[in-house]
Protein chains: 2
Amino acid sequence: MLEEIDAKIAAALAEDGRCSYTDLAERVGLSVSAVHQRVRRLEQRGVIRGYAARIDGEQIGLSLTAFVSLTPIDAAAPDDYPKLLAHLQQIEACHSVAGVESYILKVRVTSPAALEALLGEIRATANVSTRTTVVLSTPFEDRPPVIHPS
Amino acid sequence: MLEEIDAKIAAALAEDGRCSYTDLAERVGLSVSAVHQRVRRLEQRGVIRGYAARIDGEQIGLSLTAFVSLTPIDAAAPDDYPKLLAHLQQIEACHSVAGVESYILKVRVTSPAALEALLGEIRATANVSTRTTVVLSTPFEDRPPVIHPS
DNA sequence: GGTGAAAAACATAGGGT
DNA sequence: ACCCTATGTTTTTCACC
């Protein structure tokens, strides 16, 4: 949880990751160096885990997004699936979930053929059965979180 | 699709959104101004849609993540659900999907009570039934996409 | 598309309150 | 924790190839 000024800073950077310290300082009413110090503390504390350009998948040929749910085939512990799957770079996210299935993956690929190949690799790597939900369109995504103070 | 140098630049910025033009220039072997120009073109073309700080949800009190699937209750066209739902800031992403359900939302809230309240708002706003899958842990998330040239 | 150089803006570290 | 100042870097623009 964040104190009010830190919340404002984090919110501003979540929205515009390249916002200058000078801008931030004006917005929150502190000096540039005070803001700089606060940002570094937010980074050290792990509140800010890094910065990223938001890339449009379509424009770089990743036109197919899907959610893939995993169900273990034998009763082996699914605890290390993430480690097994991490090398597959088409997997953008991996969530352990409560429900009939154990994990939900979000994947992005160039084509149905690439999806088929990826699913094969996932099944082979982790010994799971998969259920895939294809994304048709994405009205919005990656919206910055609401950051409330205190 | 991107030409080789643009692909390198986009990949570098996807990984570190605050990477300086000076650094980028060294990596790709061009002058600072050439790189600057290319980045601006990538931004204009919409390949780079912005920059964001990666915020750790846990650390700002958003300790509960879930996927919410929507099924329309009457046969009304679900085309404008996204517009209806956009004002709910706890919804981080909204995907239209192929499958039994029409949409998948990714939501982040502070508590089970907040999730309950949010689901009520979603149902009331969009006239849908919901199916919710709670995230237990997230081994990885927001990994930068693989950007291949050409 | 690309370069290089100059001006303006910014980041960063140090010392003081 | 914050402010101010000084210094080095980075961003940005522009004239030219």
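Labels below follow one simple rule: chain letters A, B, ... track the order of the sequence lines, proteins then strands, and each chain is numbered from 1.
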- Task: Using whole Å, report how far CD of B/E26 lies from P of D/dT11.
- Result: 12 Å

- Going from CZ on B/R45 to CZ on B/R40, what distance comes out if it is rounded to the nearest 0.5 angstrom? 15.5 Å

- Task: Compare the minimum distances between each of D/dC2, C/dA5, C/dA11 and the side chain of A/Q37, then state the nucleotide with the smallest one.
- Result: D/dC2

- Between atom CG in A/L30 and atom C1' in D/dC2, what is the gap in whole Å? 8 Å

- Just how far, in rounded Å, is P of C/dA13 from OH of A/Y21? 10 Å

- Comparing nearest nucleotides in DNA chain D, the 5'-proximal residue of the pair B/D23, A/A34 is A/A34

- From NE2 of B/H36 across to C1' of C/dA5 the rounded distance in Å is 16 Å

- Over-ring placement of A/R18 relative to B/Y21, 6.0 Å and 45° cut-offs: yes

- Task: Evaluate the ring planes of A/F67 and B/H95, with Trp represented by its six-membered ring, and classify them as parallel (under 30°), tilted (30 to 60°) or perpendicular (over 60°).
- Result: perpendicular

- With respect to the phosphate group of D/dT13, does any side-chain polar atom (N or O) of B/R40 fall under 4.0 Å of OP1 or OP2? yes

- Query: Atom CG of B/L24 to atom C1' of D/dT9: distance rounded to whole Å?
  - Reply: 15 Å

- Query: Run the side-chain contact (heavy atoms from CB on, under 4.5 Å) check on A/T65 and A/K106 step by step: do they pass?
  - Reply: CA-CA 7 Å; A/T65 302; A/K106 182 183 178 195; 4.1 Å; yes

- Among the nucleotides C/dG2, D/dT12, C/dT12, which one has an atom lying closest to any side-chain atom of B/R41? C/dG2

- Item | Among C/dA11, C/dT3, C/dG1, the nucleotide that comes nearest once only the side chain of B/R38 is considered | C/dG1

- Counting heavy atoms from C-beta on, name the nucleotide in D/dT12, C/dT3, C/dC10 closest to the side chain of A/T22. C/dC10

- Task: Could you measure between the two P atoms, the one in D/dT12 and the one in C/dT12, and give it in whole Å?
- Result: 15 Å

- Task: Return the nearest nucleotide to the side chain of A/S33; candidates are C/dG14, C/dG4, C/dG1.
- Result: C/dG14

